[in-house]
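Proteins get letters first, then strands, A, B, ... in listed order; numbering begins at 1 in each.
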Amino acid sequence: MGKGVWPFVMAGLGLALLAWGSTWGLAFAPREAYMGEVQRIMYVHVPTAWNAMLVLTFAFACALVSLLRGGWRWDARLEAAIEAGVVLSGLVCIQGSIWARPTWGVWWDWDPRLTTTAVLLFAFGGILALRQFVDDPVKRAVWSSVAVVIAYVDVPLVYFSVRWWNSLHQLQSTPETVSRAFHWPLRINAFGVLFLLIGLVELRARLAFLRREAESAPPPPVRVAEALGGVR
Amino acid sequence: MTTLAVETIGLSRRYGRRWALSDVSLGVPAGSVVMLAGRNGSGKSTLLRVLATALRPDHGSARVAGHDVRHERDQVRRQVALLGHHSFHYEALTAHENLEIAASFLGRPCDPGLLARVGLEERADDPVSSYSAGMRKRLALARVLLQDAAVVLLDEPYGELDPPGFALLDRVIAELRSRAATVIMATHLVERGRALCDHALLLEEGRLAWSGEAALMPAEAPGGSARA
Amino acid sequence: MNGASAGVIQGGWEFVVAAYVASAVILLGYAFSVFWRYRRARSRRDTAL
Amino acid sequence: MSQFVAALRKDLLLQWRTRSQLVAVFVFGASALLLFSFAIGPNAAALREFAGGFLWLALLLASTLALADSFESEMAQHALEGLLLLPADPRALYYGKAVANLLQLTLLGAALVPVMVVLYDAGTARVPALLGIIVLGAAGLSAPGTLYAAMTAQVRARNTLLPLLLFPLVVPALLGAVKATSLLILGDPMGQLGAWTMLLVAFDAIYWSLCGLVFERVVED
């Protein structure tokens, strides 16, 4: 896997952008007409939600490549993307819950997007657990790829079923009625989380690659490696 | 140059940090009966399972009955029958039903006399869960005969069999030889192996330590210690 | 409901702060856990070579 | 096709031979229904309102037992591997097992309905429609369930892993089945049954095809 320090730089840049976007959103952005201060949670909630979905889409891509073409690099990236996806989805649910409290008076608002994120949190959390219990690296790679493909295909179905199921209870809340003045901090934070994410996923992938190397036997005897031109 | 029923080049397979099979290159002429000797854990079962496409190799290649074990698995499977440690049966079903199911997947009628040949005719309709280890081995043997394969891989076939079972197995091997099938038998019974087999292969820690005429295999080879 | 549509939500700063603190803790916490685990794996592998 | 018939015959024979396990799973489901009513209390109106939800929760919980059992016999003595080495077509093996599990779960669901009717006074005149929903819901559970049962049967923590993987996945099927069943029991003034049935059909179509495609990768070594 890569050796460069660029992931650290990327993560640092991401954190800087997040600091900038957050202070802008907290201190300088005008108060929203109806929701008042609570609307400022959007500047961190919406970017996290976008990036959570993005990294899970990346996990889906890694799973497809890992299934069709194989290669340990992609399995390492898959593990990194799943873990980051679970962390971000968890964060999105926490933010959504904190936002729902003052807005709707309850800790959980059955908004289709938020509920879908919660379902994804448990689905991908289960896949992380699956990876812990499978010892054979090849089976672990294939099975978790299959599970990611199956869980990802489910997302639109979960979203629509929750939206129909929820449409009777209350009008669909549209949290980010974001007018022009507000979207700058939101956009900055979105790139902030994205850069942080790219750096972390790359580092976590290298970690997964190192672990698998340590877990598997040293490369085959020299004669075989030469004969096969160093497979992999 | 006689055609080779089984040929491997640098065949390797690992479990975690251990190389169960490392860099095994061998050739087995078609129609020959070969003894595979070696201590416990020397890689005998792993080699047989890789040749039967039950296990994928990590490195190297193997061709069985003219087909590659990685890329032409179905063709290999049509030509190969494996008698393994596991009897491949459904415990809840009877011997007869198990053979019927195997035959239905093979697309062949199930020869009714098969169970009689392996001495299970009076227990044919009892569930396999009530069978002793020896009877399960006989049923597994019947399943191998049902497949009528060109290459037959026997992993410790004499284990759990009683003396009549030994005689039965000798007859089966003779019959396989007479129809020019290739047989690779992993066994600890060196004397019996020398008597029945033309060639012999000796594995040590996953590596091919010796190969040649069965009769010439060193009596006290590291693996050949068990006295029947 | 407590005034969501009736008018501006009063106060609410404590929820905003809670959301940002939670986000910071989780994002920074995960970042440091990845850094630390990666460094430990790198050092273990370097000693093993 | 003939391989599918062979696989289906094998699985039905296996299920018939181990039918006592199915009875035990049914008792488990029925006792779950009983326990749910204790959660609500003897309030007839509330019990009736949640009857559809309880039926499908009980069937979901019971299905993990039935699915895990269905692969226990395949893993003992490496029976499944024996078939694959004949060779047998993995997709035929999957669809044979999935259809057998579908029949078993449908049987289980149908058997739980009388228990629901008695405990929650939640009957429906439209019995054929209810059976149709049970079949569609059971299909939604058996397609991914069979695949994950095959996967988790080969792993040590299988009893916790199967529900952990299956439950988040079948949320759309669960929502659809619960809503459709409740509409049948409590009445369907706005005629939404068709929409929920379509959701179930879509879920089944996606997973009956996708799981068949990937099953071979899950059972190969």
Side-chain angles (χ1 to χ4, degrees), chain B residues 13 15 46 48-58 67 69-70 72-94 96-108 110 127-129 131 133 136-137 139-140 143-144 146-149 153, chain D residues 1-25 66 68-97 100 104 150 153-156 215-221:
Chain B
R13 161 79 192 201
Y15 288 109
T46 307
L48 291 181
R49 282 172 61 83
V50 169
L51 294 179
T53 69
L55 271 179
R56 59 171 158 51
D58 285 318
H67 298 287
V69 290
R70 268 203 187 95
E72 298 165 309
R73 291 170 79 136
D74 273 358
Q75 291 90 330
V76 170
R77 287 174 176 173
R78 282 195 195 86
Q79 306 286 337
V80 172
L82 171 66
L83 180 72
H85 290 308
H86 308 285
S87 62
F88 294 149
H89 290 132
Y90 289 96
E91 296 271 306
L93 304 182
T94 69
H96 189 61
E97 282 163 347
N98 270 295
L99 288 182
E100 282 291 331
I101 286 168
S104 66
F105 279 102
L106 287 167
R108 289 200 204 108
C110 175
V128 173
S129 49
Y131 277 26
R136 287 169 198 257
K137 183 72 84 172
L139 185 53
R143 197 172 190 280
V144 166
L146 177 68
Q147 294 177 53
D148 193 22
L153 308 173
Chain D
M1 193 52 201
S2 69
Q3 295 245 328
F4 167 69
V5 170
L8 185 58
R9 262 199 14 250
K10 178 259 295 186
D11 285 310
L12 292 179
L13 180 60
L14 257 174
Q15 281 181 356
W16 175 251
R17 244 334 115 63
T18 60
R19 56 191 182 282
S20 56
Q21 279 173 339
L22 183 61
V23 172
V25 170
D69 288 349
S70 77
F71 265 89
E72 205 182 322
S73 52
E74 300 288 343
M75 290 305 155
Q77 298 296 340
H78 287 221
L80 181 63
E81 182 181 65
L83 290 182
L84 289 168
L85 291 180
L86 282 176
D89 173 18
R91 281 154 68 99
L93 291 174
Y94 169 75
Y95 284 113
K97 181 65 79 173
Q104 198 173 44
Q154 306 172 45
V155 167
R156 34 191 162 60
F215 182 75
E216 179 172 9
R217 301 299 302 270
V218 167
V219 288
E220 78 186 4
D221 189 358

Quick check for you: among B:A52, B:A140, B:S104, B:A54, which has the greatest number of heavy-atom pairs under 4.5 Å with chain D?
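Among the listed options, the one with the most contacts to chain D is B:A54.
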
For B:L82, which atoms come within 4.5 Å of any heavy atom of chain D: side chain, backbone, both, or neither?
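The side chain, not the backbone.
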
Of all of B:I101, B:V128, B:L146, B:N98, which one pairs up most often with chain D through heavy atoms under 4.5 Å apart?
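Heavy-atom pair counts peak at B:I101.
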
Segment of D:S2 engaging chain B (4.5 angstrom heavy-atom cut-off):
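Neither; nothing under 4.5 Å.
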
Using the rule side-chain hydrogen bond (donor to acceptor under 3.5 Å, both in side chains), only one of D:Q77, D:E74, D:R17 pairs with B:Y90; which is it?
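That would be D:E74.
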
I need the minimum non-hydrogen distance between B:F105 and D:A88, along with the two atoms involved.
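Reported closest heavy-atom pair: CD2-CB, 3.5 Å.
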
Region of D:A7 that comes under 4.5 Å of a non-hydrogen atom in chain B:
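Interface part for D:A7: both.
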
Look up atom CG in D:D89 and atom CG in B:D74, then write down how far apart they are to the nearest 0.5 Å.
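Going from the CG atom of D:D89 to the CG atom of B:D74 covers 8.0 Å.
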
Would you say that more than 12 heavy atoms from the other residues, nucleotides or ligands in this model lie under 6.0 Å from the NE2 of B:H96, or not?
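No.
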
Strictly below 4.0 Å, N to O, side chains only: are B:R73 and D:E216 in salt-bridge contact?
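Here B:R73 does not pair with D:E216 in a salt bridge, since their nearest N and O are not under 4.0 Å apart.
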
Side chain, backbone, both or neither: which part of B:L93 has a non-hydrogen atom closer than 4.5 Å to chain D?
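Looking at B:L93, backbone and side chain both touch chain D.
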
Once you round to the nearest 0.5 Å, how far does CZ of B:R49 lie from CD of D:E81?
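With rounding to 0.5 Å, CZ (B:R49) is 4.0 Å from CD (D:E81).
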
Is there a side-chain contact (heavy atoms from CB on, under 4.5 Å) between D:L86 and B:F88 once you walk through the steps?
CA-CA 11 Å; D:L86 282 176; B:F88 294 149; over 6 Å; no

Between B:E97 and chain D, with a heavy-atom cut-off of 4.5 Å, which part of the residue counts as in contact: side chain, backbone, both or neither?
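Contact with chain D is through the side chain of B:E97 alone.
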
I need the D:E220 CD to B:L55 CG distance, nearest 0.5 Å.
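Taking CD in D:E220 and CG in B:L55, the distance rounds to 12.0 Å.
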
Is it the side chain or the backbone of B:T94 that comes within 4.5 Å of chain D heavy atoms, both, or neither?
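Both the backbone and the side chain of B:T94 come within 4.5 Å of chain D.
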
